Colleague: 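The structure follows.
What you are looking at is a predicted structure, and each value in this text was computed from that prediction instead of being measured. Each chain gets a letter, A, B and so on, in the order its sequence line appears, and its residues count up from 1.
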Number of protein chains: 2
Amino acid sequence: MFTTMLGKMSMIPPVPSRHRNAVATRQAILASARKHFARENYENVGLREIAGHAGVDPALVSRYFGSKEALFRETLRDDDEKDIMDGATRETLARHFAQLFLEKDDAPPGERDIHIERILILLHSIGSPKAGQIIHNAVQADILDPVSQELEGEDREMRAAMALAVLMGMGIMHNMLSIDTLECTPEEDARFEKRLTRIFAAALEPMDD
Amino acid sequence: MFTTMLGKMSMIPPVPSRHRNAVATRQAILASARKHFARENYENVGLREIAGHAGVDPALVSRYFGSKEALFRETLRDDDEKDIMDGATRETLARHFAQLFLEKDDAPPGERDIHIERILILLHSIGSPKAGQIIHNAVQADILDPVSQELEGEDREMRAAMALAVLMGMGIMHNMLSIDTLECTPEEDARFEKRLTRIFAAALEPMDD
DNA sequence: GACATATGTCACCAGTCGTTGACAAGTTCC
DNA sequence: GGAACTTGTCAACGACTGGTGACATATGTC
């Protein structure tokens, strides 16, 4: 009743602050879904949870996106670019890779790179049968294909897949299992980075002999 | 009624073919749970499913193991050895690593190495909050600690963690995302193996410079 | 055979889930 | 002002889940 009164009195008339604004509501739901799917499993994230955190009625989620599965699929897509890693070169891949570790979990919400958020979504819901097919397609079409096209030499697909495997394994270790063998002395951290570079090079670089 | 008649007539008297046999029932439940948890998520495996596949009443699962969480924890433990990889040296780790890829999904059931089955259980239920803590403890105590103790030189924990990260990432690629860039020509397969060896060496071997 | 115990069976609970349909309230256009 | 449409609200459905207690049946012991 308070909101209706506020609406009638129209103290904030020109700003469509997401009241009766379909696209804003959709985006709010999508943002909340991304945040939750990046933290927990596909099955452990409920539509009511997503809606509640977005300040939206749970029914609207199904109505705007059709189903939870479709919402999850939408979550993995970018609004501006069409790919998770559009134009991903070896350098950008390495950069995302590094960011995956430099980012703290207590980073300011909404500030984390959207690429990283989507990788976390990928990782958390691997193993869910319903999300599995969606993830498979997204990984193949939005990561492996673009990255392998950026590579040169032989075994491009293989090298891209192995690099992604390394990235996923490290991401799981750090973000999901919370196993941090680094983050100790600066010397250890430097050695970790050096070793990481070598692993990544062994996966990605063309073989020279 | 048929089974009871059979029991009364005692055509097979000395063999307690798991009728009124607590330990056999427990093992049957545990085996079924391992099989299911190795294929699907923690949340997507129901106690009724486990019980049904084991030919057991669903109520017995809760009664024998207390809770689904405790059953999952038991699933990650070995009956004979106490560790997932007891006495795991660098060679055995590499062997498990190789097996993870050589094994086919259509392998005869019950024939797959129990170590591999447990790694698959680990991988599938990563991302499940309830299983996460259990998995974290199992990984730390049963994999990272023994492996790092087997290593020599500096940064033992770091190297073990990075090797496990590589193993997990590759396992996810192959067994869960079904992304097989190998398995083409024998030449490609050989190059894959060579590259894999280099990656693993970069993660595990002590740095020489 | 009678009892005590171990093992298995059954019905059911409380809760959550995704989804849907009926209805209310706001917006736009005539 | 009223019709047509959009957007949001509410309550409920059916299906599922993990878990529990009452009861039935078998086994072992005297």
Colleague: Does anything in residues 42-52 of chain A come within less than 4.0 Å of DNA chain C? Heavy atoms only, and list the residues if so.
Modeller: Val45(A), Gly46(A), Leu47(A), Arg48(A)

Colleague: Is the shortest side-chain N to carboxylate O distance from Glu154(A) to Arg191(B) below 4.0 Å?
Modeller: yes

Colleague: Do Arg26(B) and Glu74(B) sit within salt-bridge range, that is, some charged N less than 4.0 Å from a carboxylate O?
Modeller: yes

Colleague: Using the C1' atoms of five pairs at each end, what's the angle between the two axes of the helix from dG1(C)-dC30(D) to dC30(C)-dG1(D), to 10 degrees?
Modeller: 10°

Colleague: Please confirm whether the shortest side-chain N or O distance from Tyr64(B) to OP1 or OP2 of dG8(C) is below 4.0 Å.
Modeller: yes

Colleague: Between dT20(C), dG8(D), dG21(D), which nucleotide gets closest to the side-chain atoms of Ala59(B)?
Modeller: dG21(D)

Colleague: In this structure, how many angstroms lie between the C1' atom of dG19(D) and the CD1 atom of Ile29(B), rounded?
Modeller: 14 Å

Colleague: So if I take every side-chain heavy atom of Ser67(B) and compare against dT9(D), dG19(D), dC17(C), which nucleotide ends up nearest?
Modeller: dG19(D)

Colleague: Is there a donor-acceptor pair closer than 3.5 Å between any side-chain N or O of Arg159(B) and the backbone N or O of Ser148(B)?
Modeller: no

Colleague: Rounded to whole Å, please give me the gap between NZ in Lys68(A) and C1' in dC17(C).
Modeller: 8 Å

Colleague: Measure from the side-chain heavy atoms of Asp57(A) and tell me the nearest of dA24(C), dT9(D), dG8(C).
Modeller: dT9(D)

Colleague: Just checking Glu157(B): does its CD atom have more than 12 heavy atoms from other residues, nucleotides or ligands closer to it than 6.0 angstrom?
Modeller: no

Colleague: Please collect all side chain to side chain donor-acceptor pair (under 3.5 Å) contacts where either partner lies in residues 57-72 of chain A, sequence neighbours excluded, each pair once.
Modeller: none

Colleague: State, to 0.1 Å, how close Pro58(A) and Ala51(A) come at their nearest heavy-atom pair, and which atoms those are.
Modeller: CA-CB, 3.5 Å

Colleague: Measure the distance from CG on Leu60(A) to P on dT6(D) and round it to the nearest whole Å.
Modeller: 15 Å

Colleague: Which sits closer to the 5' end of DNA chain C, Pro58(A) or Ala22(B), going by the nucleotide each is nearest to?
Modeller: Ala22(B)

Colleague: Could you state the CZ-P distance from Phe65(A) to dG18(C), rounded to the nearest angstrom?
Modeller: 15 Å

Colleague: The side chain of Arg20(B) lies closest to which of these nucleotides: dT9(D), dT19(C), dT7(C)?
Modeller: dT7(C)

Colleague: Does a side-chain N or O from Thr25(B) land closer than 4.0 Å to OP1 or OP2 of dG8(C), or not?
Modeller: yes

Colleague: Please give me the minimum heavy-atom distance between Arg34(A) and Thr75(A), naming the atom from each residue.
Modeller: NE-O, 2.9 Å

Colleague: Does a salt bridge link Lys130(A) with Glu43(A), judged by any charged N lying under 4.0 Å from a carboxylate O?
Modeller: no

Colleague: Record whether the side chain of Arg63(B) comes under 3.5 Å of the base of dG8(C) through a donor-acceptor pair of N or O atoms.
Modeller: yes

Colleague: Tell me: CZ of Arg26(B) to C1' of dG8(C), nearest whole Å?
Modeller: 16 Å

Colleague: Rounded to the nearest angstrom, tell me the gap between atom NZ in Lys130(B) and atom C1' in dG18(D).
Modeller: 9 Å

Colleague: Just by distance, do the side chain of His136(A) and the backbone of Gly132(A) share a donor-acceptor pair under 3.5 Å?
Modeller: no

